[in-house]
Amino acid sequence: MAEKRDYYEVLGIDKNASENDIKRAYRKMAKKYHPDNNPGDKKAEEMMKEVNEAYEVLSDPEKKSAYDQFGHAAFEQGGAGAGGFGGFGGFGSGGMEFDMGDIFGSMFGGGFSGFGGGSSRKNGPQRGSDVSVNIQISFEEAIFGCKKEIQINVTDKCDTCGGSGAKPGTGTETCHKCNGTGQERVVQNSIFGQMATIRTCSACHGTGKIIKEPCQSCHGTGKVRKSKKIEVNIPKGIDNGQTIRIAGMGETGTNGGSYGDLMVTVYIRPDSFFVRKGMDIYCDVPITFVQAILGDEITVRTIDGEQKLTIKPGTQPNTVATIRGVGVPNLRNPNQRGNQVMTLKVKIPTDITAKQKELLKSFYGGESEEKKGGFWEKVKKDFKGE
Ligand SMILES: [Zn+2]
Ligand SMILES: [Zn+2]
């Protein structure tokens, strides 16, 4: 195997290059050696691979610090001096055989997610925690959507020092103990001989920097608790217990890591009239027994306002009637809506006058009906013209 070139040399930068310098150098080199600009050129292809490999290491604070200490040995299986370094089993991207187009796409599309960024870094940027809150909304708000302002208490960057933890104007200096790598190598004597382990630098706690004078607002942590007001857009058709994720509204990260997310779980207050099941809305509609027998056109409540409903003559108790398209909107396609499903409840009067009692008795052929046969017999006779 040919001698590997130094990664800094590959990118044409020096060891003190900043994150931005590294990114810029990579872009320059990637453009220079990209296969589109060097069709069929094997040498350019080799160079491109080298550039990608160098960038994958130098753009990752954890890998960079390992490389700074141990060179290429840091990434060789069971590499020298990397006693405690089981984590780096070579490169995550399958030996650099990735598609050039993909890399270019992800690079200029913003974001370098293609480089298998580990989530278990101790000293590199760590994403902030997610924050969960519950809110209550009304039945109507869940159907038509709404905006809700909520107040949360989260850990955020300190405004005084901009998150650096250093008193404004004082700045930071590179940690002398770890030379800015954030890690220290500890050699211990044991019965098996000398054992080298890597651990988070005890002087700078992995940041690689020492604060000369701590910021007074945050006592050097770079973080403060803040109360924030956030407007949450609740989409049409949300259902009870569903959660909305608002990216980047959680707690601030560590060592320049991104913010966590805000998770808003929505609870819907029950309505006194409507009951929701999925996309349909259920309710009971009272009708009189006269309406049930004779039929009628009545006005019913829907979530969209009042609508007409025709009761057919001879409607039986608990008949189900449906009005289409006035139910709950589909969360993904709000133009699509469920139905309103109504159970027609026939009300039986309990307080009637003596006259009404007489009429009802005659209707059902009771005592006041002088002739035998009752009501239906009478109807039959009338029908036959007797
Ligand atoms: Zn501060
Ligand atoms: Zn240190």
Side-chain angles (χ1 to χ4, degrees), residues 1-125 127 174 178-183 185 198 208 255-258:
M1 197 168 133
E3 189 72 45
K4 265 182 118 119
R5 278 171 74 205
D6 177 67
Y7 286 149
Y8 291 96
E9 196 188 304
V10 169
L11 292 182
I13 47 179
D14 69 28
K15 286 203 159 49
N16 299 318
S18 71
E19 240 176 78
N20 271 334
D21 292 338
I22 295 169
K23 207 178 270 183
R24 217 173 297 129
Y26 172 64
R27 266 180 212 182
K28 205 176 104 189
M29 291 300 185
K31 249 183 209 161
K32 190 173 167 190
Y33 296 118
H34 193 269
D36 285 354
N37 300 329
N38 305 276
D41 186 342
K42 283 272 167 227
K43 180 109 171 74
E45 203 183 317
E46 282 306 307
M47 294 298 278
M48 186 72 204
K49 279 185 188 179
E50 247 188 318
V51 165
N52 279 328
E53 190 181 312
Y55 183 73
E56 187 181 330
V57 170
L58 298 184
S59 63
D60 178 324
E62 197 176 359
K63 289 182 184 170
K64 180 176 183 289
S65 111
Y67 178 74
D68 288 342
Q69 285 177 87
F70 306 116
H72 294 299
F75 306 103
E76 284 158 19
Q77 298 281 4
F85 247 93
F88 295 123
F91 295 97
S93 5
M96 300 283 111
E97 293 298 332
F98 28 48
D99 180 77
M100 297 291 180
D102 278 351
I103 299 163
F104 244 59
S106 68
M107 190 174 101
F108 294 110
F112 285 82
S113 52
F115 288 108
S119 54
S120 58
R121 294 173 194 160
K122 288 199 180 85
N123 314 318
R127 185 177 174 275
T174 303
C178 64
N179 291 320
T181 62
Q183 292 172 327
R185 186 164 180 243
I198 304 293
N255 295 339
S258 58

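Starting from 1, each residue takes its place in the sequence as its number.
A search for side-chain hydrogen bond (donor to acceptor under 3.5 Å, both in side chains) contacts involving Tyr8 returns Lys64, Asp68, not counting sequence neighbours. Qualifying side chain to side chain contact (heavy atoms under 4.5 Å, CB included) partners for Asn20, counting only residues two or more places apart in sequence or in other chains: Ser18, Arg24. Residues forming a side chain to side chain contact (heavy atoms under 4.5 Å, CB included) with Glu9 (at least two apart in sequence, or on another chain): Arg5, Asp6.
Here the straight-line distance linking atom CD1 of Ile13 with atom CD1 of Ile22 works out to 5.0 Å at 0.5 Å rounding. For the atom pair CD of Glu19 and CG of Leu58, the computed distance is 11.0 Å after rounding to the nearest 0.5 Å. How far CE of Met29 is from NZ of Lys32: 5.5 Å, rounded to the nearest 0.5 Å.
The minimum heavy-atom distance linking Gly256 with Pro125 is given by the pair C-CB, 4.0 Å. Between Tyr33 and Val51, the closest heavy-atom pair is CD1-CG2, 4.1 Å. Taking all atoms of both residues into account, the shortest heavy-atom contact from Leu11 to Ala54 is CG-CB, 4.0 Å.
Using a 4.5 Å heavy-atom cutoff, the side chains of Lys23 and Tyr55 are in contact. Arg127 has its side chain within reach of Ser258: a pair of non-hydrogen atoms, C-beta onward, lies under 4.5 Å apart.
Each of Met48, Glu53, Met47 was checked for a side chain to side chain contact (heavy atoms under 4.5 Å, CB included) with Glu50, and the lone residue meeting it is Met47.
Taking a cutoff of 4.0 Å between a charged side-chain nitrogen and a carboxylate oxygen, Glu45 and Lys42 qualify as a salt bridge.
No donor-acceptor pair under 3.5 Å is formed between the side chain of Asn52 and the backbone N or O of Ala30. In this structure a side-chain-to-backbone donor-acceptor pair under 3.5 Å is present from Asp41 to Ala44.
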